[in-house]
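Structure first, commentary second.
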Amino acid sequence: MPPTTRRMSFPRVVIERDTDSEESSSEEEEEPQNFDHEVEVEVEVEVEEEEVIENEKEAKVLEDVKKKGKAPITISLKKVCKVCKQTGHEAGFKGATYIDCPMKPCYLCKMPGHTTMTCPHRVSMEHGVVPARKRSTRSPLDFVFERQIRTNVPKIKPAFVVPDQVDCAVIRYHSRRVTCLEFHPTNNHILLSGDKKGQLGVWDYDKVHEKTVYSNIHSCILNNMRFSPSNDGTLYAASSDGTISCTDLETGMSSALMNLNPDGWHGPSSWRMLYGMDVNADKSLVLVADNIGYLYMMDMRSHNKTGEEILIHKKGSKVVGLQCNPVQPELLLSCGNDHFARIWDMRKLEAQSSLVDLPHKRVVNAAYFSPRSGSKILTTAQDNRIRIWDSIFGNLESPSREIVHSHDFNRHLTPFRAEWDPKDPSESLAVIGRYISENYNGAALHPIDFIDTSTGQLVAQVMEPNITTISPVNKLHPRDNVMATGSSRSLFIWRTKDDSELVQEKDERKIILCGKSGKKPKGKFDCGSDDDSDNDTFSPKGKKSKSNKSEAKPSSYTLNKFKTKSTKSSK
DNA sequence: AAAGCATGATTCC
DNA sequence: TGGAATCCCTGCTT
């Protein structure tokens, strides 16, 4: 299947400023940023000329120094690479295209000797995602064996359905970046979102305006949340404040069930945080793990801790992911900062007793069993590789596939996690946001990638000109062809184009602006009042139009800045 | 428009 | 072993 291409036109967008005062709290006064699309102008620097000038300047400096008879002070007037501090090249954005520092290893595959632009993992596919070569550490017998075991995976892969169009959004809904998302297990239009500040958002994206942010549940990062398997109005959340919260979504009442810091703050070295979390319906347990390698279990009925904590990862390292196998709930998968993902048998859980250790080259952000058979494992590591083990019953010595994909660690971003599409019967489609940007007709955009993990092929990359921030948090709906994205502080709901047109009468999107909006509204998502620039087309109208030869795209497509419903905006 | 800040894994000593 | 320096395509503010 060829990669799904970008949409050639974008629908009209209805923007509404949030009127209720439910917006998430935010200390600072906020000002919307500009979003006037300035098309990239390629500045072709005449290097030689510049060098001459610089040399002249340098010579002058040297001359002055000589006159004064003092020891020469080294003043470099040459432009210096901000990455390696050497001259002769410069790293950074040239328009919407990022130029790597050639002295550093490739930002994509991390190998030295080339840059992202010429990375072999990018060249063949134009957009940076290709399969790594399959490792040949397995014998043919392994594959035969594996085929016998994996019986419940369909032989013919159905066509993937990709939600590729933003249907509605809440902009600046959270007061800090979004850290996790969860769809309501039974109510199809409810999206739960957690943020770095510990706030919990509940948004009915069908009735777009129905949204709440709870700000008093946690005091810092909400790392993971799960619904109670026995009561879908109850949500558990694990936070870096060291507590598990249990929230009744009807009443908004919340209680802390576990507190790893009962004595309060005694400095960063003693503060405990909760990261990984899952629920085990069979055993009626909430499983959580902390920042120093321990696993805790809590009974969901009594809300009491059961048993002692168990060291499941290297002491002192974060355990960021926990998941019980969907088919065999006594199988537990964990992953963390010690560069391992591990499989455990919950019937004999103790330190050092893992069934399997899956080594990675860097921190493992996430590890998931496949959603239906539970027999595959998908991990996301900070070495820019997605790894897939095709069968937990087969040879687990090395991953079945490693897919090079840009999802680096950045301390200011929520860690990326590749997640399975729960609706894909073949258990091969996964979604993950992309770190490095693509020059998209002059705008640097960060697509969300859909990857066929059975081949490593990029199935689709979805993006939206108005989302200029990176989208590390993405969740596919368990039943509908819907995807939720958390990008910076905003939430987006994507649908497939056809579905979207069924839902919306016209080709219209509903965008709700939250957060304090300050003075003159102007720019992205915010052309509400007087900023009524009719220039909605986004085309290389630039001055020296020598840019984008390679981007052989239509000369213009409609960007449709998100408009207000108010009378003024539609011309 | 440029600079500053928030702040986590890793490396180095 | 532990603290300091380093970092890199961020996102926001002043």
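Chain letters run A, B, ... following the sequence lines, proteins first and then strands; every chain starts at 1. Any value given below was found using the heavy atoms of this structure, including those in side chains, with hydrogens, waters and symmetry copies removed. Quick caveat: nothing in here was measured; it's all calculated off a predicted structure.
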For the pair made of NZ in A:Lys85 and P in C:dT6, what is the distance, rounded to whole Å?
-> 10 Å

Applying salt bridge (Lys or Arg N to Asp or Glu O under 4.0 Å) to A:Arg342 and not counting sequence neighbours gives A:Asp338, A:Asp357

Hits for salt bridge (Lys or Arg N to Asp or Glu O under 4.0 Å) against A:Lys475, two or more places apart or cross-chain, chain-then-number order -> A:Glu182, A:Glu419

Atom pair distance, as rounded to whole Å: CZ in A:Arg489 and P in C:dC12 | 6 Å

Parallel, tilted or perpendicular: ring planes of A:Tyr107 versus A:Tyr98, cut at 30 and 60 degrees = tilted

To the side chain of A:Ile470, which of C:dC9, C:dT10, B:dT7 is closest?
-> C:dT10

Among the nucleotides C:dC9, C:dC7, C:dC12, which one has an atom lying closest to any side-chain atom of A:Arg411?
-> C:dC7

Could you state the atom-to-atom distance from CG of A:Asn384 to P of C:dC9 in whole Å?
-> 14 Å

Summary of salt bridge (Lys or Arg N to Asp or Glu O under 4.0 Å) pairs that have at least one residue in residues 313-323 of chain A, sequence neighbours excluded = none

Applying salt bridge (Lys or Arg N to Asp or Glu O under 4.0 Å), name anything that partners A:Asp278, two or more places apart in sequence or on another chain.
-> A:Arg226

Distance in angstrom units between A:Asn410 CG and B:dA6 P, rounded | 15 Å

Would you please say whether a donor-acceptor pair under 3.5 Å links the side chains of A:Ser471 and A:Ser487?
-> yes

Nearest-Å distance for atom pair NZ/C1', residues A:Lys110 and B:dA9 | 12 Å

Hey, does the side chain of A:Lys318 come within less than 4.0 Å of B:dG8's phosphate (OP1/OP2), counting only N and O?
-> no

Which part of the nucleic acid, if any, lies within reach of A:Ser488 when heavy atoms closer than 4.0 Å are counted: base, sugar-phosphate only, or nothing?
-> sugar-phosphate

Roughly, in whole Å, what's the span from NZ in A:Lys196 to P in C:dT10?
-> 17 Å

Determine all donor-acceptor pairs shorter than 3.5 Å in which one atom belongs to a side chain in residues 267-277 of chain A; sequence neighbours excluded.
unit_1	atom_1	unit_2	atom_2	d
A:Ser270	OG	A:His266	O	3.2
A:Ser270	OG	A:Gly267	O	3.3
A:Trp271	NE1	A:Ser240	O	3.0
A:Arg272	NH1	A:Tyr296	OH	2.7

If we take the C1' atom in both B:dT11 and C:dC9, what is their distance in whole Å?
-> 22 Å

From the candidates B:dA9, C:dC8, C:dG11, the one with an atom nearest any side-chain atom of A:Leu413 is C:dG11

How do A:His412 and A:Val320 order along DNA chain B: which one's closest nucleotide is nearer the 5' end?
-> A:His412

Between OH of A:Tyr173 and P of C:dC12 the distance, given in whole Å, is 17 Å

Taking only N/O atoms, report every protein-nucleotides 10-13 of chain B pair under 3.5 Å with atom names and distance.
unit_1	atom_1	unit_2	atom_2	d
B:dT10	OP1	A:His339	NE2	3.4
B:dT11	OP1	A:Arg362	NH2	3.4

In whole Å, what is the span from the CZ atom of A:Phe93 to the P atom of C:dC8?
-> 14 Å

